Amino acid sequence: MSTKTALITGASTGIGKELAIIHAKNGGNLVIIARNESKLNNLKKDLEQQYKINVVVIAKDLSDLNAPKEIYDEVKKHGIEIEYLINNAGFGALGKFHELDLARQISMINLNITALTALTHLFLPEFVKRNSGKILNTSSTASLMPGPLQAVYFATKAYVTFFSNALSEELYDTNITVTNLMPGATESEFGATSGMDKTEMFKETATAYSVALDGYNGMLKGKIDVISGLKPLQKLMMAMIPFTPKKMILKQIRQMQEVK
């Protein structure tokens, strides 16, 4: 059982919600963050009643550039020490880059990259000062390849993976670990929000719980990378990426992401 407090972004649904439930089951307190305050409050009520823990709700839109500092300030106001920073929030958009709404894609960059980077920069100095803490960043198997029809989303996840991996090495001489979670297609609101639920890539999805559990356990063990939710054929495809001509990979990914 753990009394450590975890801060989780994107905690109202999907992988983030399951991460909150898993941490609560382990006896840990929570700071849960998402835009939907109603869903967060319902989750808070359920977790506090069932697991006798403390949950603080912070309703914020992380695509707002001011949100990370506002979250940090609110955590400090409550006098909470964060031991686990879980940057899970993110979204995608399906379509040709030049045809998609630019403002939505800039929001995606702000959420998937800027907010994650800012929150890490705000909380990591405290981790270093006390020489303890764990960071879990939700990336994607999409981070390992280019993504025609989701050009910006795949690129943002590549940032998350390489940023996370670099930090893990920068912190080699501390007791702090940085874990990069790379799910495959996962059953969550992401599919419907991005439009991916109508594509071949999302024909078979892993459960949000199984992905969250893999990520959480990997974080506790201090793993650098955790790949979760892939079927055997998908694992084979991932293993072949370094040996496959780039043009062939691009064509395969485009075809898998075309709406049928």
Side-chain angles (χ1 to χ4, degrees), residues 6-11 13-16 18-19 33-34 60-65 67-68 71-72 82 84-94 97 104-124 127 133-171 176-186 188-191 193-194 196 201 206 208 211-212 214-219 222-230 238 241 253 257:
L7 184 153
I8 304 177
T9 66
T13 61
I15 296 170
E18 296 297 338
L19 283 164
I33 299 163
K60 291 286 180 187
D61 180 354
L62 280 165
S63 65
D64 179 346
L65 295 178
I71 289 166
Y72 178 79
I82 300 298
Y84 300 158
L85 174 63
I86 302 179
N87 290 303
N88 170 76
F91 75 90
L94 183 66
F97 170 74
R104 181 167 172 77
Q105 296 194 81
I106 296 298
S107 290
M108 190 194 309
I109 294 169
N110 289 343
L111 175 59
N112 295 5
I113 292 179
T114 308
L116 177 146
T117 305
L119 284 170
T120 303
H121 194 267
L122 287 163
F123 284 100
L124 185 54
F127 287 21
K134 294 182 177 296
I135 298 172
L136 176 65
N137 291 330
T138 300
S139 180
S140 170
T141 51
S143 68
L144 302 176
M145 64 198 91
L149 300 184
Q150 280 205 96
V152 172
Y153 175 75
F154 276 54
T156 63
K157 290 305 182 179
Y159 173 91
V160 174
T161 288
F162 290 112
F163 174 70
S164 302
N165 291 168
L167 289 189
S168 70
E169 178 60 21
E170 287 185 8
L171 299 164
I176 302 153
T177 59
V178 182
T179 299
N180 177 55
L181 172 60
M182 294 185 285
T186 304
S188 69
E189 287 187 0
F190 173 85
T193 303
S194 65
M196 286 297 294
M201 194 171 282
V211 171
D214 284 347
Y216 189 85
N217 288 338
M219 176 188 72
K223 288 187 175 181
I224 294 174
D225 287 320
V226 176
I227 295 177
S228 179
L230 294 186
M238 297 293 295
I241 286 174
I253 295 168
Q257 299 201 119

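As the structure is a computational prediction, the values presented were derived from the model and not from experiment. Position 1 is the first residue of the sequence; numbering continues from there.
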**Q** Please check this pair: side chain of Ser107 against backbone of Ser63, looking for a donor-acceptor N/O pair closer than 3.5 Å.
**A**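 Side chain of Ser107 to backbone of Ser63, a donor-acceptor pair under 3.5 Å: no, none is there.
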**Q** Does the side chain of Leu62 reach to within under 4.5 Å of the side chain of Leu119, using non-hydrogen atoms?
**A** yes
**Q** If you compare all heavy atoms of Thr177 against all heavy atoms of Met219, which two are closest, and at what distance to 0.1 Å?
**A** OG1-O, 4.0 Å
**Q** Quick one: list whatever passes salt bridge (charged side-chain N to carboxylate O under 4.0 Å, His left out) with Lys60, sequence neighbours left out.
**A**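 Salt bridge (charged side-chain N to carboxylate O under 4.0 Å, His left out) list for Lys60, sorted by chain: Glu70.
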**Q** Look at the side chain of Asn180 and the backbone N and O of Asn165, then say whether any donor-acceptor pair between them is shorter than 3.5 Å.
**A**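 No; zero donor-acceptor contacts below 3.5 Å.
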**Q** Might you point out which heavy atoms bring Ser228 and Leu181 nearest each other, and give the distance in Å?
**A**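 Between these two residues, the closest heavy atoms are CB-CD1, 4.3 Å.
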**Q** Where do Phe127 and Leu171 land on the side chain to side chain contact (heavy atoms under 4.5 Å, CB included) test, with the steps shown first?
**A** CA-CA 10 Å; Phe127 287 21; Leu171 299 164; over 6 Å; no
**Q** So which heavy atom on Leu111 is nearest to which on Ala89, and how close?
**A** CD1-CB, 3.8 Å
**Q** Let me know which of Asn87, Thr156, Thr117 forms a side-chain hydrogen bond (donor to acceptor under 3.5 Å, both in side chains) with Asn112.
**A**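 Going through Asn87, Thr156, Thr117 one by one, the side-chain hydrogen bond (donor to acceptor under 3.5 Å, both in side chains) with Asn112 is satisfied by Thr156 alone.
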**Q** Drop me the distance from Glu170's CD to Leu124's CG, to the nearest 0.5 angstrom.
**A** 8.5 Å
**Q** Minimum heavy-atom separation for Ala206 and Val211, please, with both atom names.
**A**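 In terms of heavy atoms, the two residues are closest at CB-CG2, 4.0 Å.
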**Q** If I take atom CG from residue Asn137 and atom CG from residue Leu116, how far apart are they, to the nearest 0.5 angstrom?
**A** 4.5 Å
**Q** State which residue, out of Thr138, Leu136, Asn217, Thr179, fulfils the side-chain contact (heavy atoms from CB on, under 4.5 Å) condition with Val226.
**A**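 Answer after filtering Thr138, Leu136, Asn217, Thr179: Thr179.
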**Q** To the closest 0.5 Å, what do you measure between CD1 (Ile33) and CG (Leu7)?
**A** 4.0 Å
**Q** What distance do Phe97 atom CZ and Gln105 atom CD have between them, rounded to the nearest 0.5 Å?
**A**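 Those atoms lie 5.5 Å apart.
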**Q** Verify the neighbour count for atom CD1 of Ile241: are there more than 12 heavy atoms of other residues, nucleotides or ligands below 6.0 Å?
**A**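 Atom CD1 in Ile241 is packed in, count exceeds 12.
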**Q** To check you understand the geometry: which heavy-atom pair defines the closest contact between Gly92 and Gln150, and what is its length?
**A**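 Heavy atoms only, the tightest pair is CA-OE1, 3.9 Å.
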**Q** To the nearest 0.5 Å, how far apart are CE in Met108 and NZ in Lys157?
**A** 10.0 Å
**Q** Roughly how far, to the nearest 0.5 Å, is CG of Leu65 from CG of Asn110?
**A** 4.5 Å
**Q** Any sub-3.5 Å donor-acceptor pair from Gln257's side-chain atoms to Leu94's backbone N or O?
**A** no
**Q** Considering non-hydrogen atoms only, spot the tightest contact between Gly14 and Ala208 and give its length.
**A**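 That would be C-CB, 3.7 Å.
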**Q** What I'd like to find out is whether the side chain of Glu18 reaches to under 4.5 Å of the side chain of Tyr216, using heavy atoms alone.
**A** no
